[in-house]
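One structure below.
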Amino acid sequence: MTTQRSFKARVRTRMEKTGESYTTARRHLINWAAEPAAPPAQQSTAATPATAAAAQTERIADDLIRDRTGRGWAEWFDLLDAVSATDWTHTRIARHLTTEHEVPGWWAQTITVGYEQARGLRAPGQRRGGGFEASASRTVAVPARRLFEAFADETARARWLPDVEVRVRTATAPRIFRADWAGGPTRIVVSIDAVGESKARVSVLHEKLTGAEQAAELKAYWRERLAALKALLETDGGHR
């Protein structure tokens with residue numbers, strides 16, 4: 001798979017720079033990818049480093065959750081247990097947190113995933129009900145439409161995402177881009193949200209993965225590629 005080759009190449013590059021073994025260099029790259037990506041203007045060093053299979057409660061510190069939502073992990077879990085949330089869908093839990101407790105959307109999702117992992121409803125990196133996925137996001141100082149074009153336009157995409165076969169499924173400007181990845185069976189779902197007139201946030205969800213190891217590798221891959229996209233667009237607008 002192209003992304004797996006790319007990841008291995010980055011491991012070898014790190015080995016050359018640091019003198020580390022392949023295993024050590026690989027672990028450092030995956031650990032970096034496992035750090036939580038907080039929403040805009042909410043990045044915090046309170047989020048602790050973790051392994052690729054780290055649970056949400058290990059990746060995001062209790063004091064950070066408390067600061068952003070008013071309660072710590074244990075308090076949220078007790079509250080959800082009290083309403084038998086283990087019998088609910090992921091969507092229902094997140095909606096309950098948002099509507100009944102006024103938890104901002106991103107943090108409602110974070111708490112929901114942490115709760116599902118803690119109650120054995122999903123493994124770290126795993127979707128509720130089975131299957132694995134990887135995700136990454138970035139805020140870029142360009143309008144939403146320009147960010148969308150960086151995915152939807154083949155020439156523009158090749159500038160920051162080279163040597164990957166992408167077969168477009170649907171593209172709804174300037175918000176949603178869906179595509180089969182590298183000939184399948186995995187696929188990506190790209191969501192773009194405007195943050196004012198000159199800034200937008202892109203979130204990539206890579207679905208239908210084979211397991212936790214592939215999810216960790218693709219998380220590292222997407223964090224690196226979105227960093228490259230941000231640098232490209234903010235430097236020259238990504239003009240062809």
Side-chain angles (χ1 to χ4, degrees), residues 1-15 20-37 47 49-60 86 89-91 93-94 109-110 112-138 151 157-158 160-171 176-191 202-229:
M1 181 178 179
T2 303
T3 50
Q4 292 174 329
R5 291 197 298 269
S6 175
F7 182 80
K8 291 176 181 178
R10 298 202 309 280
V11 173
R12 288 192 290 270
T13 297
R14 181 182 173 93
M15 290 170 60
E20 296 168 339
S21 67
Y22 182 92
T23 300
T24 300
R26 179 180 180 277
R27 184 174 66 248
H28 279 299
L29 288 175
I30 289 178
N31 285 355
W32 172 80
E35 295 175 4
T51 64
Q56 195 86 314
T57 53
E58 296 173 342
R59 294 173 54 218
I60 303 178
T86 53
T89 64
H90 175 93
T91 300
I93 297 172
Q109 292 289 335
T110 298
T112 300
V113 171
Y115 179 73
E116 291 171 336
Q117 292 174 353
R119 296 298 180 261
L121 301 175
R122 70 157 90 190
Q126 187 177 33
R127 290 177 59 89
R128 178 79 174 266
F132 286 80
E133 61 187 21
S135 61
S137 59
R138 278 275 176 170
F151 283 87
R157 188 172 62 240
W160 65 276
L161 197 65
D163 304 321
V164 177
E165 177 189 351
V166 175
R167 185 169 63 249
V168 179
R169 297 169 65 93
T170 60
I176 298 293
F177 177 85
R178 294 184 175 90
D180 294 326
W181 182 259
T186 71
R187 64 191 183 194
I188 59 172
V189 180
V190 180
S191 302
V202 56
S203 300
V204 177
L205 179 66
H206 204 135
E207 301 178 317
K208 296 184 176 295
L209 307 183
T210 58
E213 182 175 357
Q214 186 186 28
E217 291 184 357
L218 281 166
K219 187 175 184 69
Y221 174 83
W222 278 113
R223 292 192 70 175
E224 181 187 67
R225 288 297 85 209
L226 292 184
L229 173 62

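Residue numbers run from 1 in the order of the sequence given. All heavy atoms count here, side chains included; hydrogens, waters and symmetry mates do not.
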Say you draw a straight line from [atom1] of [X] to [atom2] of [Y]; how long is it, rounded to the nearest 0.5 Å?
X	Y	atom1	atom2	value
Asp180	Glu165	CG	CD	9.0 Å
Leu229	Glu224	CG	CD	12.5 Å
Ile188	Arg167	CD1	CZ	12.0 Å
Leu205	Arg178	CG	CZ	10.0 Å
Leu209	Leu218	CG	CG	5.5 Å

What is the minimum heavy-atom distance between [X] and [Y], and which atoms define it?
X	Y	value
Ile176	Ser191	CD1-OG, 3.7 Å
Ala227	Arg138	CB-NH2, 3.6 Å
Ala215	Glu133	CB-O, 3.6 Å
Arg225	Pro162	NH1-CD, 4.2 Å

If the plane angle is over 60° it's perpendicular, under 30° parallel, otherwise tilted; pick one for Tyr221 and Trp181. perpendicular
Given the rule in the side chain to side chain contact (heavy atoms under 4.5 Å, CB included) test, do Gln109 and His90 qualify, once you have shown the distances and angles that lead to the verdict? CA-CA 9 Å; Gln109 292 289 335; His90 175 93; 2.6 Å; yes
Can you tell if the side chain of [X] reaches within under 4.5 Å of the side chain of [Y], non-hydrogen atoms only?
X	Y	result
Val202	Ser137	no
Ser135	His206	no
Trp222	Leu161	yes
Pro185	Glu207	no
Gln214	Thr186	yes
Val166	Phe151	no
Gln117	Thr57	no

